[in-house]
Amino acid sequence: MGGQVGNSTQWEWRVGWEEKDMSKRGGMRHIYPFTNPTLILYSSPEKAMLYQAPRGTSDILPKEQAYWRYIEQKVAEMAQLYGYERLDGPLFEDTALFARSVGEDTDIVTKEMYTFEDRGGNQLTLRPEGTAPVCRAYLEHGLYNLPQPVKLYYIASIFRYERPQAGRYRQHYQFGYEAIGDDDPALDAEIIDMAWQFLLSVKLRSLSLQLNSIGCKKCRPKYVAALKAHYAKHTKELCPECKTRLKKNPLRLLDCKKPSCQKTANSAPKTIDFLCPECAEHFRRLKKYLELLGLPYTVNHHLVRGLDYYTRTVFEIQPQGGGAQSTIIGGGRYDDLIEELGGKPTPAIGFAAGIERIILNLKKQNVPIPPLPKPPLFIASLGDEAKEEALKLASTLRRAGIGVIEALGSKSLKAQLRQANNLGARYAVIIGEEELKAGAVILRDMTSARQQAVPLKELVERLVSASPHS
Ligand code: HAM
C-alpha cells in the first residue's frame, strides 16, 4: 500500500504502510504501527540515530497506553465474569514443546520461531504462542488434581519471525483464555460467547464469527485422504507452497489465498462431511447452543487454523470483509494436546486475541477510549524558601494519596502555570514568598482560573477531602 509523501529538512514522512526497508535510503525508519493508517517517518541521514527498535517490534509510547490499559482491564473483567484465573509463564520454553504441540510442519515451527541455544546448551524458543505453555504448566504443577475444567488466562508477548506489516509484527501481544478438562460442547459455546462478548465490550462492531469442525484423530485421517486425492488431481494448478503442503500438512491447503489454489479449495471435500458420529453430534450441539445464545456464526469449510493441535471445534473472529490476515481472535479445541505432552487424555478448548489488532480496529472504528487519570495537582513556587515548602507539601500530599507534579528549576510563574495547563492539572497550588510569610498558599482552579488564599495548615485536609480517592 502506498500513501502520501511529504518532506521537511529533517524528515521525509509517509502515511500508509511501505513494505520495502527504506533505511537503504540512508536515513532511519521510524514506524508508528498503532496510528491509523500506520505512520512511517524517515529521518534524514544526518539526523540518523545509532539504534532503532528491531524490525517488526515497536515501543508502546505513553500516548498509546490508554488503549492498552483499556484492553487489559477488560481482559481481567471478562476473566472474572467467566471464572478464569491468571497464569503468567516464562518468556521462553524448551523448543521441543512448541515443535511437538504446534506441529513440526507448520509455518510457525518451520519458519517463524526465535530459537537459540543458551550457554548451558539448552535449545530454547521465545514463546510463539500461549496454549502449549499453559498446558505444560497445567501438567507441571498438577493442576489436573483441581476440579475440572481448570480455567486459565494470560496476557503475554509473542514472538514470530513474520514479514512485518500493519497488524503483523515480530513481537506482538496476545491475551488468551484456556479451559482444560472438559469436552462438553456447552464449554465450546461458552468460550466462543466469551470471545464475542469481549469484542463487543470493548465496543468493536461489524464482526464476523467463522466456525468449523475438523474432527478428531479417529475421523480426520479419512478426510485427509479424501483431501489429498482431490488435490492430487490439481497439482499442476497449485502454488509451490501448496505442493509442499500436499505432502507435509494437507489441511493447510484449504488456507491458501492464491487464486489458482482457491479454485481447488472451493471444490475440495468438506471436513464436516467426514465427521464420526461423536464429532458430528458435538458440532450439532455446539451450533444449537450458539443459536440459543444468539451468536451469529457462519460455518466456514475452509477454516482449519495454522496450528496442528486442534481437534473438533475451530473458530475465528474477523472484522467483516477483513479476511484471514485480519483475524482478531482465533481458537478451538485441542483434546489431544495434554496427552501428547505426557498427561492423561484431557479435552480442552481456548482462544487468543492479538492486542495490536484490537487496537487497530478500535482506531479504524473511532471508538472513544477513556483517558488515563493524571495527577490532579500541580505545585508552583517562587523563590528558594517557597521551593522547600513545595517539596515538603508534595511529599505530604502523595503520602495522603494525592498525585502531585512539582515545578522544577526556577521558571517564571507564568511558565509554571503553562506547564500545569499542558499537564492537564485540575488545581495548582502557588507558593509565593509573601503568602508563605502569612502561613498561606494560593489554590488555583485551572479550569476557571479562580484563585483563593488557603492557610497552609488547612490545605492538606481540604485537598484530601476534595480528592475522588478519599
Ligand atoms: P493464532 O491465531 O496463531 O492462535 O494467534 C492468535 C491471535 O494473535 C490472532 O488471531 C491475531 O490476532 C494475533 N496474531 C497472531 N500473529 C500475529 C502477529 N504476527 N502480529 C500481530 N498479531 C498476531 C494462537 O496462537 C493459539 N494459541 C490460539 C488458541 C488459544 N487456541 C486455543 N487456545
Side-chain angles (χ1 to χ4, degrees), residues 17 31 33-34 38 55-58 60 71 75 84 87 89 93 97-98 101-103 106-109 111-114 126-136 138 149-180 187-188 191-192 194-195 198-199 202 204 207-210 214 252 255 303-319 322-338 347-362:
W17 184 263
I31 302 172
F34 304 121
T38 298
R55 196 160 134 74
T57 71
S58 44
I60 305 166
I71 291 167
V75 173
Y84 285 71
L87 179 104
E93 299 267 359
L97 171 70
F98 298 114
S101 56
V102 175
T106 56
D107 284 354
I108 293 181
V109 173
K111 301 189 238 168
E112 295 171 2
M113 295 206 305
Y114 281 88
L126 299 186
R127 131 187 95 199
E129 66 99 45
T131 308
V134 167
C135 293
R136 196 261 313 133
Y138 173 89
V150 172
K151 293 174 157 183
L152 302 165
Y153 81 99
Y154 51 88
I155 303 179
S157 47
I158 302 287
F159 302 85
R160 294 183 186 174
Y161 188 81
E162 297 200 79
R163 240 180 79 195
Q165 54 175 258
R168 199 203 283 158
Y169 312 107
R170 290 184 176 167
Q171 178 181 353
H172 71 277
Y173 288 82
Q174 286 184 10
F175 62 84
Y177 298 86
E178 315 284 353
I180 306 177
L187 184 60
D188 305 41
I191 211 146
I192 295 173
M194 184 182 191
F198 181 91
L199 295 178
V202 295
L204 279 184
L207 302 167
S208 143
L209 168 59
Q210 316 268 314
I214 56 169
R252 295 287 290 164
D255 242 8
L303 182 63
V304 288
R305 309 268 306 128
L307 304 97
D308 278 359
Y309 50 61
Y310 290 110
T311 50
R312 293 187 166 174
T313 311
V314 286
F315 67 98
E316 286 188 355
I317 304 180
Q318 298 156 5
Q325 288 306 312
S326 59
T327 297
I328 302 175
I329 282 183
R333 272 209 166 270
Y334 46 94
D335 289 345
D336 301 331
L337 183 53
I338 296 275
I349 182 163
F351 75 83
I355 298 184
E356 289 84 349
R357 289 197 192 172
I358 295 182
I359 295 178
L360 272 178
N361 283 283
L362 288 171

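Every number for a ligand or one of its atoms is a count from 1 in the order of the listing. Fair warning: this is a prediction, and the values are worked out from it, not measured in the lab.
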Do E178 and Y154 pair up side chain to side chain, a donor and an acceptor below 3.5 Å, judged on atom types alone? yes

Enter the distance from L199:CG to N361:CG here, rounded to the nearest 0.5 Å. 9.0 Å

Measure the CG-OG1 distance between L337 and T311 for me, rounded to the nearest 0.5 Å. 9.0 Å

State if R160 counts as touching ligand 1 under the rule of any non-hydrogen atom under 4.0 Å. yes

Tell me: protein heavy atom nearest atom 20 (N) of ligand 1, and distance? Y169 N, 2.9 Å

Nearest protein heavy atom with distance in Å, relative to atom 32 (C) of ligand 1: G350 O, 3.2 Å

Considering only non-hydrogen protein atoms, determine which one is nearest to atom 22 (N) of ligand 1 and report residue, atom name and distance to 0.1 Å. H172 CD2, 3.3 Å

State the CG-OH distance between L87 and Y138, to the nearest 0.5 angstrom. 13.0 Å

Is the shortest side-chain N to carboxylate O distance from E93 to R136 below 4.0 Å? yes

Nitrogen or oxygen of T327 less than 3.5 angstrom from that of ligand 1: yes

Closest protein heavy atom to atom 12 (O) of ligand 1, given as residue, atom name and distance to 0.1 Å: I328 O, 2.9 Å

Under 4.0 Å between heavy atoms, the region of E178 that gets near ligand 1 turns out to be side chain

dist E356:CD -> I358:CD1 (nearest 0.5 Å) comes out at 9.5 Å

For atom 4 (O) of ligand 1, what's the nearest protein heavy atom and its distance? R305 NH2, 2.9 Å

Is ligand 1 less than 4.0 angstrom away from at least one heavy atom of Y177? no

Distance check, rounded to the nearest 0.5 Å: T131 atom OG1 versus I180 atom CD1? 8.5 Å

Atom 19 (N) of ligand 1: nearest protein contact (heavy atom, Å): E162 OE2, 2.6 Å

Quick check for you: to the nearest 0.5 Å, what is the distance between T106 atom OG1 and E112 atom CD? 8.0 Å

Return the residue, atom name and 0.1 Å-rounded distance of the protein heavy atom closest to atom 8 (O) of ligand 1. Q174 NE2, 3.0 Å

No-hydrogen, no-angle side-chain donor-acceptor test under 3.5 Å, T313 and D188: yes

Looking just at side-chain N and O atoms, do Y309 and E129 make a donor-acceptor pair shorter than 3.5 Å? yes

side-chain contact (heavy atoms from CB on, under 4.5 Å) partner of E316, the single match among L209, I328, T327: T327

Check the angle between the aromatic planes of Y177 and F351 and answer parallel, tilted or perpendicular using the 30° and 60° thresholds. tilted

At less than 4.0 angstrom from any non-hydrogen atom of T131, what atoms of ligand 1 do you find? 26 (C), 27 (N), 29 (C), 30 (C), 31 (N), 32 (C), 33 (N)

So is G306 in contact with ligand 1, going by heavy-atom distances below 4.0 Å? no

Do any heavy atoms of Y310 fall under 4.0 Å from ligand 1? yes

Heavy-atom contact check, 4.0 Å cutoff: does G331 meet ligand 1? yes

Heteroatom distance test (E356, ligand 1): nitrogen or oxygen, under 3.5 angstrom: no

As an exercise, identify every atom of ligand 1 less than 4.0 angstrom from a heavy atom of I329. 10 (O)

Would you call the rings of F198 and F175 parallel, tilted or perpendicular, taking 30° and 60° as the class edges? tilted

Please confirm whether F351 comes within less than 3.5 Å of ligand 1 when only nitrogen or oxygen atoms on both sides are compared. yes

Residue, atom name and distance, where the atom is the protein heavy atom closest to atom 13 (C) of ligand 1: G354 CA, 3.6 Å

If the cut-off is 4.0 Å to any non-hydrogen atom of G330, which atoms of ligand 1 fall inside it? 10 (O), 28 (C), 29 (C)

Ligand 1-proximal atoms of Y309, by part, heavy-atom distance under 4.0 Å: side chain

